[in-house]
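Ligands are counted one by one from 1 in listed order, and the atoms in each one are counted from 1 as well.
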Amino acid sequence: MTASAPITQDVLTLPRKLPEGGKINIVGLTREKLREALIAAGTPEKQAKMRLGQIWQWVYHFGLRNFAEMTNLSKDYRAFLAEHFEISIPEVVSRQVSADGTRKYLVRIAGGHEVETVYIPEENRGTLCISSQVGCTLTCSFCHTGTQKLVRNLTAGEIVGQVMLARDDLGEWPKPGEPKDEARLVSNVVLMGMGEPLYNFDNVRDAMKVVMDNEGLTLSRRRITLSTSGIVPEIAKTAEEIGCLLAVSFHATTDEVRDKLVPVNKKWNIETLLNTLRDYPRLSNSERITFEYVMLKGVNDSDADARRLVKLIAGIPAKINLIPFNEWPGAPYQRSDWERIEAFADIVYKAGYASPIRTPRGEDIMAACGQLKSATERARKSAKEIASEAGL
Ligand code: SAH
Ligand code: SF4
């Protein structure tokens, strides 16, 4: 069949606009970049390290947005900072809370574009699902985000900012002088929102450096999972430069089916992908890879598929995360029946792999996997309108 979707759709890619006024946003700069920026703006080199440490703590440990409140800096230095820098994160346009406690934030970034961020509370942890792009250039046929035509990479600040806005909403910043609260509300981050994180590698890497820094947000690299559709050339770099856990949107056991579900498979097929994945645990010093597998009725959910799957991944330390398909308006697939999902899980489990079935969360607010899409923006404007507003 040749009717499968192209790898990359005809998207409208917007140039990133610098913020007006020329102030540099501190949020999203790695320690090295912030140090350089402080010096370039006039901080004496000898003081830079100390100032950097102080600012870092205010911004990422206490969640301050205002230089005036940074009481361990001189008044003059606070004024200097305010003149050259800003501490800005994306704005929350709306917040929906699901019956199951899941929170979905519609977030507005520079240029008026919107992405979604989802907070999923569980018994022993709280996972924040963040976006790395507005829309996605890839066209996985079961994914709502892939139908969105407007695409722009998020800046590192916009990626880190999603963690910060969730902490704002959850009231999770410690107060100066108060003891550190050990139980974290945002304890894990997954790059599983809108976009393909490995098509925005540098910004994702810088953002994760900030999030993983051992002062401030301090999430360990084992609490961060990056999900990719299989951008092979960037996978080894992810191991070496980020070192977080990796999830792969696998979804099929033959190239014929995967070409249709995840069209980027035409560029890097199953064999090429698996060869690269074999090296990931060693390169990143992590235990295992998560294989995500969306359960689509009659498409990829047979016993034969389950058996092929465990054969394919033999030798790779792995966990298989089965995701019941989440429907969205106009979706061309149906969710596999529950008994089918369980039978599939059983085969995988008996072959020696953990095979959790991902319980859909926040379905009532369209916050589940693959349902994200800034519907508000799409409903309001056509691509043409957006283009003309962006001055294209
Ligand atoms: N672009 C990245 C990360 C975002 S998607 C990637 O593709 O890996 C997070 C996961 O949700 C991916 O495994 C994706 O394939 C899956 N997904 C997408 N649409 C879905 C849907 N409608 N139902 C269930 N899972 C879906
Ligand atoms: Fe993009 Fe991931 Fe959706 Fe595919 S599944 S279209 S890579 S967001």
(request) Using a strict cut-off of 4.0 Å, indicate which atoms of ligand 1 neighbour a heavy atom of Met192. (result) 4 (C), 5 (S), 9 (C)
(message) For atom 3 (Fe) of ligand 2, what is the closest protein heavy atom, and at what distance to 0.1 Å?
(response) Cys143 SG, 2.4 Å
(message) Can you name the atoms of ligand 1, numbered from 1 with element, that are less than 4.0 Å from a heavy atom of Gly193?
(response) 4 (C)
(message) Under 4.0 Å, heavy-atom basis, I'd like to know which part of Met194 is in contact with ligand 1: side chain, backbone, both or neither.
(response) neither
(request) State yes or no: are the ring centers of Tyr293 and Phe344 separated by less than 6.0 Å? (result) yes
(request) Find all atoms of ligand 2 within a distance of less than 4.0 Å from any non-hydrogen atom belonging to Ser229, and give their numbers and elements. (result) 7 (S)
(request) Using 2.8 Å as a strict upper limit, say whether an N, O or S atom of Cys136 approaches atom 4 (Fe) of ligand 2 that closely. (result) no
(message) Using a 4.0 Å cut-off to any heavy atom of Asn326, which atoms of ligand 1 qualify?
(response) 21 (C), 22 (N), 23 (N), 24 (C)
(request) Please could you name the atoms of ligand 1 that Ile323 approaches to less than 4.0 Å, counting only its heavy atoms? (result) 24 (C), 25 (N)
(message) I want to confirm something. Looking only at heavy atoms, which of Ser132, Ser249, Cys136 is nearest to atom 6 (C) of ligand 1?
(response) Ser249
(message) Does either side chain, that of Thr43 or that of Tyr77, offer a donor lying less than 3.5 Å from an acceptor on the other one?
(response) yes
(message) Could you tell me if the side chain of Ile289 sits less than 4.5 Å from the side chain of Val248, heavy atoms only?
(response) yes
(request) Within a distance under 4.0 Å of any heavy atom of His251, pick out the atoms of ligand 1 and give their elements. (result) 13 (O), 14 (C), 15 (O)
(message) Tell me the contacting part of Thr228 for ligand 1: side chain, backbone, both, or neither, using a 4.0 Å heavy-atom threshold, strictly below.
(response) backbone
(request) State whether the shortest distance between N or O atoms of Gly195 and N or O atoms of ligand 1 falls below 3.5 angstrom. (result) yes
(request) Report the part of Trp328 (side chain from C-beta onward, or backbone N, CA, C, O) that has a heavy atom under 4.0 Å from ligand 1; answer both or neither where that applies. (result) side chain
(request) Using distance alone, determine whether Arg358 and ligand 1 share an N or O pair under 3.5 Å. (result) no
(message) Within the 4.5 Å heavy-atom criterion, are Thr228 and Glu234 side-chain neighbours or not?
(response) no
(request) Determine, using heavy atoms of Ala331 and all atoms of ligand 1, whether some pair is separated by less than 4.0 Å. (result) no
(message) Give me the nearest non-hydrogen protein atom to atom 4 (Fe) of ligand 2 as residue plus atom name, then the distance to 0.1 Å.
(response) Cys140 SG, 2.3 Å
(request) Kindly determine whether Cys140 and Val262 satisfy side chain to side chain contact (heavy atoms under 4.5 Å, CB included), including the steps that lead there. (result) CA-CA 5 Å; Cys140 303; Val262 187; 3.9 Å; yes
(message) Whether Asp346 and Lys350 form a salt bridge (side-chain N of Lys/Arg under 4.0 Å from carboxylate O of Asp/Glu) is what I want to check.
(response) yes
(message) Assess, by modelled atom type and distance only, whether the side chains of Tyr60 and Asp213 contain a donor and an acceptor separated by less than 3.5 Å.
(response) no
(message) Whether Arg205 and Asp202 form a salt bridge (side-chain N of Lys/Arg under 4.0 Å from carboxylate O of Asp/Glu) is what I want to check.
(response) yes
(message) Students should be able to answer this: which protein heavy-atom is nearest to atom 2 (Fe) of ligand 2, and at what distance?
(response) Gly195 O, 4.6 Å
(request) For the residue pair Ser98 and Asp100, confirm or rule out a side-chain donor-acceptor distance under 3.5 Å. (result) yes
(request) State plainly whether the residues Glu287 and Arg222 are in salt-bridge range, i.e. N to O under 4.0 Å. (result) no
(request) Taking Gln133 for its side chain and Glu196 for its backbone only, find out whether a donor-acceptor pair lies under 3.5 Å. (result) yes
(request) Determine, step by step, whether Asp206 and Arg31 satisfy the salt bridge (charged side-chain N to carboxylate O under 4.0 Å, His left out) criterion, reporting the C-alpha distance in whole Å, the side-chain angles of both residues, the deciding distance to 0.1 Å, and the verdict. (result) CA-CA 10 Å; Asp206 283 2; Arg31 275 186 186 266; over 6 Å; no
(request) Mark up the atoms of ligand 1 that fall under 4.0 Å of a heavy atom belonging to Phe142, in ascending order. (result) 15 (O), 17 (N), 18 (C), 19 (N), 20 (C), 21 (C), 22 (N)
(message) Quick check: Cys143 and ligand 1, any N/O pair under 3.5 Å apart?
(response) no
(request) Decide, yes or no, whether a salt bridge links Arg340 with Asp303 under the criterion of side-chain N to carboxylate O below 4.0 Å. (result) yes
(request) Output yes when the distance from some N or O of ligand 1 to some N or O of Glu292 is under 3.5 Å, and no in every other case. (result) yes
(request) Can you sort out which atoms of ligand 1 are near Ser227, meaning under 4.0 Å from one of its heavy atoms? (result) 2 (C), 3 (C), 6 (C), 8 (O)
